[in-house]
Novice: 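I'd like to ask you about the structure that follows.
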Amino acid sequence: MTSRQDERLLDGPLLPVACRRCAARVLVRKSSWEQTSIQWNAEARAACVGIEHPHDTCPALRSAIQEAALTGAIKVVE
């Protein structure tokens, strides 16, 4: 069996975005305006003060991601 390389991130890699409230840094990819992939690490989880449930997204971080997409700091793949 041959394996094939995962090429999903070639057109839009994960890029760092920092929360303006707590400075937690996560990696983000926007596949579309509606879909956002966020990769957390332990340091960012510990720093974030806006998450009440492990599967939530902090509103301040969500705002920072939206601003990064609007300003072109992260690419919206669509």
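Sequential numbering from 1 along the given sequence is applied to the chain's residues. Owing to the predicted nature of the structure, the values given are computational and were not obtained by experimental measurement.
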Novice: Run the side chain to side chain contact (heavy atoms under 4.5 Å, CB included) test on Arg25 and Trp40 for me, step by step, so that the C-alpha distance in whole Å, both residues' side-chain angles and the decisive distance to 0.1 Å come before the verdict.
Specialist: CA-CA 8 Å; Arg25 291 179 57 86; Trp40 289 84; over 6 Å; no
Novice: Strictly by modelled atom types, are Thr36 and Arg29 linked by a side-chain donor-acceptor pair under 3.5 Å?
Specialist: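 Distance-only check fails for Thr36 and Arg29.
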Novice: If you measure from NZ on Lys30 to NZ on Lys75, what distance do you get to the nearest 0.5 Å?
Specialist: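 Nearest 0.5 Å value for the NZ-NZ distance: 14.0 Å.
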Novice: Hey, what do you get for CD1 (Ile74) to CD (Glu67), rounding to the nearest 0.5 Å?
Specialist: 10.5 Å
Novice: A side-chain contact here means heavy atoms from C-beta on lying under 4.5 Å apart; do Ile65 and Ile38 qualify?
Specialist: yes
Novice: How close do Cys19 and Ala60 get, counting heavy atoms only, and between which atoms?
Specialist: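 In terms of heavy atoms, the two residues are closest at SG-CB, 3.7 Å.
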Novice: Please find the pair of heavy atoms, one from Ala68 and one from Val17, that lie closest to each other, and give the distance.
Specialist: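 It is CB-CG2, 4.3 Å.
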Novice: Identify the heavy atoms of Gly50 and Pro59 that sit nearest to each other, and give their distance.
Specialist: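 Result for this residue pair: O-CD, 3.8 Å.
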Novice: Of the non-hydrogen atoms in Leu61 and Ala18, which two are nearest, and what is the gap between them?
Specialist: CD1-C, 4.5 Å
Novice: Of the non-hydrogen atoms in Cys22 and Cys48, which two are nearest, and what is the gap between them?
Specialist: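 That would be SG-CA, 3.5 Å.
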Novice: Val77 and Val28: same hydrophobic cluster, using ILVMFWY side-chain contacts below 4.5 Å?
Specialist: no
Novice: Does any non-hydrogen side-chain atom of Cys58 lie less than 4.5 Å from one of Arg21?
Specialist: yes
Novice: Can you list every pair that meets salt bridge (Lys or Arg N to Asp or Glu O under 4.0 Å) and has a residue in residues 31-41, with sequence neighbours left out?
Specialist: none
Novice: Are there over 12 heavy-atom neighbours, none belonging to Gln35, within less than 6.0 Å of that residue's CD?
Specialist: yes
